Amino acid sequence: MSFHLNLIFRLLLILILVFTAMFIFNQELYYSFAFICSLIVLLFVEFYFYQKKFYNTIDRIVLAMLYEDYSLKSSKPQDNELLNNLHKLYLKRQADQQKNEVRELVYLNILNSLETGILIFERKDDQLEVFFINDYFTKLFDIPNIRTWYNLNRLLPSLTDHLVQLNFKESKGSIDIQIEQENKQTFMLQTSTTVSQEQKYFIVLLDSIQNVLDKKEKDTWENLMKIISHEIMNSLTPIHSLAHNTQEILNETDNLSEEDIDDIKLSVQTIVNRTNHLQQFIDNYRKLTMLPSPKKQLVNLKGLLTNSLKTLLPIFEKHQITVETNLADTQAIQVDKQQLEQVLINLLTNAIHAVCKQPTRNISVRLFEKNNRVLIDIADSGNGVPEEIKHKIFIPFYTTREEGAGIGLPLSKNIVELHKGYLTYQRREETTVFSINLPLY
């Protein structure tokens, strides 16, 4: 029976009892009149609580939908058509809310997986609040997941000042941002505005130009190296074989004059030497382009650094180099032990070359954890890299040393990047610092 029929039934029953009470009163049956009046009062009380229960049920469901509280789990069908329809509406909204939560989780995972800094502001009462900040942005600038403009302005004043100058309008350009005490980095900045449900949002996208250039530079060099390796090897193999065969024939020939034989031998020997040099050049190419995937195992970096330093100890003593270490007991991480040891040896060897002819010969090695990453700083007291060639130090085969091959730093950089980390260079307090940055997990 519906709610309205129940109400009509109760009202009719009360009216019948009222007329009955009036009739009995006229018959002067006062005790019966009192009894019927009591029934009427009880029916009015029951009528009140019946309505109250009905409207309380409606109110509870409506308020739950209003405040998006979908924790009610009752799936029992209602005995009233209105309540039953309202309950169906609630269950539908509950299912829609669950779908929206799943979508929101997927969108958040996508935004947090992008290698682009994303910062979204929400305007409330003429003030800006941080509506969303993705994980890449917080890791890039080493800041917490802030929620206020004040904290952002305190941590990244160069960014907030630039946004104020733009007057929070749509734009696309570059910006220099200094992260802590490091050198300024250049980023591509793109801003836009959007309005949703009468709420205004300001979106900021940041891409590291250096990361983009590094990737393009690396891809270009890898493609170039593969082409050169293929072409030169096709020429080298027959030339190398022919040169050695000619040399053997000449060694057994008696018909030529001694002077002619010496000239031919010298020419052939020159060809052989040159092909050996080119062979070594190709091998260096292969080290860069055909670097095997890391065979990772759990490695204690403190022990690995200690062993690398012991390996170079005779060279340190020969050049009277002072080595200072500050190695924290960091977590063991998954790395290719041999590849990472090669990186450490390369960087330490470069540090040795940088200080061996200096009046002050100091090298310091520091190992520590920061923001779920492990860092290795190798610093030396050398003169550092000249400013005009600083951007070239990670280019393959570029070297300023006569005996250098120019593959140490590019190879080290490739190895570190294969481990999901990065290798950086900077001048810090009159020292040259190469930093290896690796994720803990």
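All residue numbers in this chain count up from 1 along the given sequence. In this text, all values refer to a predicted model and were calculated from it rather than measured experimentally.
- Judged by distance alone, with hydrogens and angles left aside, the side-chain atoms of Arg361 form a donor-acceptor pair with the main-chain N or O of His319 at under 3.5 Å.
- Judged as a salt bridge (charged side-chain N to carboxylate O under 4.0 Å, His left out), and not counting sequence neighbours, Lys296 has no contacts.
- Applying the side-chain hydrogen bond (donor to acceptor under 3.5 Å, both in side chains) test to Thr311 and every residue at least two apart in sequence or in another chain returns nothing.
- Among residues two or more places apart in sequence or in another chain, the salt bridge (charged side-chain N to carboxylate O under 4.0 Å, His left out) test is passed with Lys88 by none.
- Within the 4.5 Å cutoff, side-chain heavy atoms of Leu423 are placed close to those of Leu347.
- Aromatic ring centres of Phe19 and Phe23 lie farther apart than the 6.0 Å criterion allows.
- Remark: Arg154 engages Asn151 in a side-chain hydrogen bond (donor to acceptor under 3.5 Å, both in side chains) (not counting sequence neighbours).
- Residues Ser381 and Thr360 have side chains that never bring a donor and an acceptor to within less than 3.5 angstrom of each other.
- Contacts of Asp336 classified as side-chain hydrogen bond (donor to acceptor under 3.5 Å, both in side chains), with partners at least two apart in sequence or in another chain: none.
- Scored by the side-chain hydrogen bond (donor to acceptor under 3.5 Å, both in side chains) test, Asp329 finds Lys302 as partners (sequence neighbours excluded).
- Residues that satisfy the ring-ring contact (aromatic ring centres under 6.0 Å, His included) test with Phe316, not counting sequence neighbours, are absent from this structure.
- In this structure, the side chains of Glu341 and Leu304 come closer than 4.5 Å at one or more pairs of heavy atoms.
- In the model, Ser412 has a side-chain atom that pairs as donor or acceptor with a side-chain atom of Asn346 under 3.5 Å.
- Using a 4.0 Å cut-off between charged nitrogen and carboxylate oxygen, Lys413 and Glu417 count as a salt-bridge pair.
- Residues Ile24 and Met22 are not in side-chain contact: their nearest non-hydrogen atoms beyond the backbone lie 4.5 Å or more apart.
- The closest side-chain heavy-atom distance from Asp377 to Val365 is not below 4.5 Å.
- Put simply, CG on Leu438 and NZ on Lys420 are 12.5 Å apart, with the number rounded to the nearest 0.5 Å.
- No more than 12 heavy-atom neighbours from other residues, nucleotides or ligands sit within 6.0 angstrom of CD on Gln338.
- Atom CZ of Phe35 has 12 or fewer heavy atoms from other residues, nucleotides or ligands within 6.0 Å.
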Taking distance alone, no hydrogens or angles, what donor-acceptor pairs closer than 3.5 Å link side-chain atoms of residues 104-121 to residues at least two apart or in another chain?
| from | atom 1 | to | atom 2 | distance (Å) |
| --- | --- | --- | --- | --- |
| Asn109 | ND2 | Leu105 | O | 3.3 |
| Asn112 | OD1 | Asp135 | N | 2.9 |
| Asn112 | ND2 | Leu108 | O | 3.1 |
| Ser113 | OG | Asn109 | O | 3.1 |
| Ser113 | OG | Ile110 | O | 2.8 |
| Thr116 | OG1 | Asp207 | OD1 | 2.7 |

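- Contact check for Leu440 versus Glu369: side-chain heavy atoms found under the 4.5 Å cut-off.
- Residues that satisfy the salt bridge (charged side-chain N to carboxylate O under 4.0 Å, His left out) test with Arg10, not counting sequence neighbours, are Glu46.
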Can you give the donor-acceptor pairs under 3.5 Å from side chains of residues 160-169 to other protein atoms, not counting sequence neighbours?
| from | atom 1 | to | atom 2 | distance (Å) |
| --- | --- | --- | --- | --- |
| Thr160 | OG1 | Asn153 | OD1 | 2.6 |
| Thr160 | OG1 | Leu156 | O | 3.4 |
| Thr160 | OG1 | Pro157 | O | 3.0 |

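- The 12-atom threshold is exceeded at CD of Gln199, counting heavy atoms of other residues, nucleotides or ligands nearer than 6.0 Å.
- Residues passing the ring-ring contact (aromatic ring centres under 6.0 Å, His included) test with Phe131 are Tyr201, sequence neighbours excluded.
- By the side-chain contact (heavy atoms from CB on, under 4.5 Å) test, Thr432 is found to be paired with Asp380, Tyr425, Arg427, Phe434, residues two or more places apart in sequence or in another chain being considered.
- Ring centroid separation for the pair Phe44 and Phe49 does not come in under the 6.0 Å cut-off.
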